[in-house]
Amino acid sequence: MSPAKLRTPSQSLVGTLAENIRRLRREQNLSQEELADICGLHRTYVGSVERAERNVTLSSLELLAKALGVSVVDLLISAGK
């Protein structure tokens with residue numbers, strides 16, 4: 001397997017992250033812009049994460065988890081499990 005392929009997360013994992021962030025944000029009645037402000041991220045970045053268009057860095061993952069009051073692991077585990 002090439003190094004470039006290893007650097008690309010599975011669509012399943014990116015999709016799970018997107019679903020969890022969107023669900024938790026909505027449960028807390030936050031807009032994407034409000035969540036972005038809490039994290040210090042741009043609102044378009046949060047939107048692209050929720051649409052599973054981004055490969056999120058660990059630092060951004062930590063910011064999002066902290067802002068949503070969950071662990072990083074909680075963002076990466078499918079809600080059905």
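All residue numbers in this chain count up from 1 along the given sequence.
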* Using the test salt bridge (charged side-chain N to carboxylate O under 4.0 Å, His left out), find all partners of Arg23 that sit at least two apart in sequence or belong to another chain. => Glu27
* Output the distance between atom CG (Leu13) and atom OG (Ser78), rounded to the nearest 0.5 Å. => 10.5 Å
* To do: Of all the heavy-atom pairs spanning Leu68 and Gln28, show the shortest one and how long it is.
  => O-NE2, 2.8 Å
* In chain order, what residues pass the side chain to side chain contact (heavy atoms under 4.5 Å, CB included) check against Ser59, with sequence neighbours excluded? -> Thr57
* Could you note down all residue pairs passing side-chain hydrogen bond (donor to acceptor under 3.5 Å, both in side chains) where residues 64-76 supplies at least one of them, sequence neighbours left out? => Ser71-Asp74
* Asked: Can you hop from Val49 to Val72 via hydrophobic side chains spaced under 4.5 Å?
  -> yes
* Would you say Leu63 and Leu61 are hydrophobically clustered, going by side-chain heavy atoms of ILVMFWY under 4.5 Å? -> yes
* Structure fact -> In terms of heavy-atom contacts, Ile77 and Asn20 come closest through O-ND2, 2.9 Å
* Evaluate the side chain to side chain contact (heavy atoms under 4.5 Å, CB included) criterion for residues Leu75 and Leu24: first the C-alpha distance (whole Å), next the side-chain angles of each, then the deciding distance (0.1 Å), finally the verdict. => CA-CA 9 Å; Leu75 292 180; Leu24 291 163; 3.6 Å; yes
Could you tabulate the donor-acceptor pairs under 3.5 Å formed by side-chain atoms of residues 33-41, not counting sequence neighbours?
unit_1: Glu34; atom_1: OE1; unit_2: Ser31; atom_2: N; d: 2.7
unit_1: Glu34; atom_1: OE1; unit_2: Ser31; atom_2: OG; d: 3.4

* Contacts of type side chain to side chain contact (heavy atoms under 4.5 Å, CB included), residue Glu53, not counting sequence neighbours -> Ser48, Arg51
* To do: Apply side chain to side chain contact (heavy atoms under 4.5 Å, CB included) to Glu50 and list each qualifying residue two or more places apart in sequence or on a separate chain.
  => Ile21, Arg22, Arg25, Gln32, Val46
* To do: For side chain to side chain contact (heavy atoms under 4.5 Å, CB included), just list the numbers for Thr16 and Leu76, CA-CA rounded to whole Å, side-chain angles, deciding distance to a tenth of an Å, and then say yes or no.
  => CA-CA 6 Å; Thr16 296; Leu76 299 174; 5.8 Å; no
